[in-house]
Amino acid sequence: MTAQLSKKSEAWSARFNEPVSDLVKRYTASVFFDKRLAKADIQGSLAHAEMLAAQGIISAADRAEIERGMAQISSEIEAGQFEWLLDLEDVHLNIEKRLTELVGDAGKRLHTGRSRNDQVATDIRLYVRSAIDDVVDLLAALRGALTDLAEKNADTIMPGFTHMQVAQPITFGHHMLAYVEMFGRDAERMADCRKRVNRLPLGAAALAGTTFPIDRERVAKTLGFDDVCHNSLDAVSDRDFAIEFTAAASLIMTHVSRMSEELVIWMSPRVGFIDIADRFCTGSSIMPQKKNPDVPELARGKTGRVYGHLMGLLTLMKGQPLAYNKDNQEDKEPLFDTVDTVVDTLRIFADMAGGISVKPEAMRAAALQGYATATDLADYLVKKGLPFRDAHEAVAHAVRACDDLKIDLSEMSLDQLRAYSALIDDDVFAVLTLEGSVAARDHVGGTAPNQVRKAIARVREQLAK
Ligand code: ARG
């Protein structure tokens, strides 16, 4: 019986009387998705082995053998030659088994003083940390591309909207810089989240710590962690850092989705404010005239899956008693898909920003349609001494007249305008033009081209850091 049991492949099978069914094996295994953690797993194991040797827990010769074996495993994985076995459950056991095949007893000593529980927690943190670094770089690339677009359009006038109604004239550059701000906060959030990701769980072992004289600070330093996790139960069991990452990723997708919605509207022939380069669009199989903004539409759609992952991870965590439970294995697919979705989306958007061509005439015509300078006329009257509420009312009457006459405020004659307030003079036409309106909003955060250029300089300085 003992001989038969020892033939089983499971690392834990010596205690069991019967093997798991194939269905249970498939149900409990994670190797086909967690093999993505292989690089982090090897990195963590090498740091652990280095520490074990430094502490005299394993010999220097064993450590050298482990390094030799891991180097070979890394190249096998890179070459696509590594054989991943469902029977070996997960990435950790697959790699350990191969290590033992390659280097014998030294491989079997690697797991001294650790557990898969602190091992997997370490791997995920390494993985998320590197994902954060990628996302932060991509956000910078996207901000750079949007800033370029803003610079080209610092003077391009378009209608600004509230309630989807023409509100006041703005510049397209100013509009792009709004997204640059959003993506800037997203990068800050990621950087902040990284601080809490970057702590080392290894050393917590299964849940209570280990009886070996380990040096956790040493491992933390080797792996570039800022600190160790200070409670072993917490270290192996919480995935709040993954939730936090997914929440920050969800906000990135919120911003991407809002922008996508605008791009789709702007590209509609009804609006015609922009065109998006052909390489980001597709045609219709039935309607030959169609050019569809698929990329922004898909990005808007993919936002839903990232939100879903956030909800999934929150729910995964909420009922778990301390410490590690197998539930946690379910953290990986949502996390990986979040990383893939956000990374691909940001990469495409950074590229697509350069493929947006602006149609200033259409924007201008739209800005002239909705009495976008009505507020400017009211402000003008206030500056001449009229209380704002009275000015508001006078302009409302003027707008009604324009509506009847089918003309813009700027097209009214001085006499026509004076019918609504005797305070109106020749100088009114300077404020009723679109250019006059945007140029007048000349303070930090305002839409004046002058301010847009200052904002661009500020962003470029941030990006250069
Ligand atoms: N594949 C497991 C996971 O992702 C690794 C940890 C397993 N630990 C255990 N005690 N079964 O969470």
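Computed over heavy atoms, backbone and side chain alike; hydrogens, waters and symmetry mates excluded. One-based numbering, in listed order, for ligands and for the atoms of each.
Residue-level contacts of ligand 1 at the 4.0 Å heavy-atom threshold are S30, D34, D90, H92, R116, N117, V120, Y324, Q329, K332.
Annotation: R364, atom CZ; neighbour count of heavy atoms from other residues, nucleotides and ligands within 6.0 Å is above 12.
Take D226 and apply the salt bridge (charged side-chain N to carboxylate O under 4.0 Å, His left out) test, not counting sequence neighbours, and it matches no residue. For Y127, the ring pair (Phe, Tyr, Trp, His ring centres under 6.0 Å) partners are F336, not counting sequence neighbours.
Comment: R189 does not engage D192 in a salt bridge, judged by the lack of any side-chain N to carboxylate O separation of less than 4.0 angstrom.
With values rounded to the nearest 0.5 angstrom, R109 atom CZ is found 13.0 Å from I57 atom CD1.
Contacts classified as side-chain hydrogen bond (donor to acceptor under 3.5 Å, both in side chains) and involving residues 243-252 (residues at least two apart or in different chains) are given here: R196-E244.
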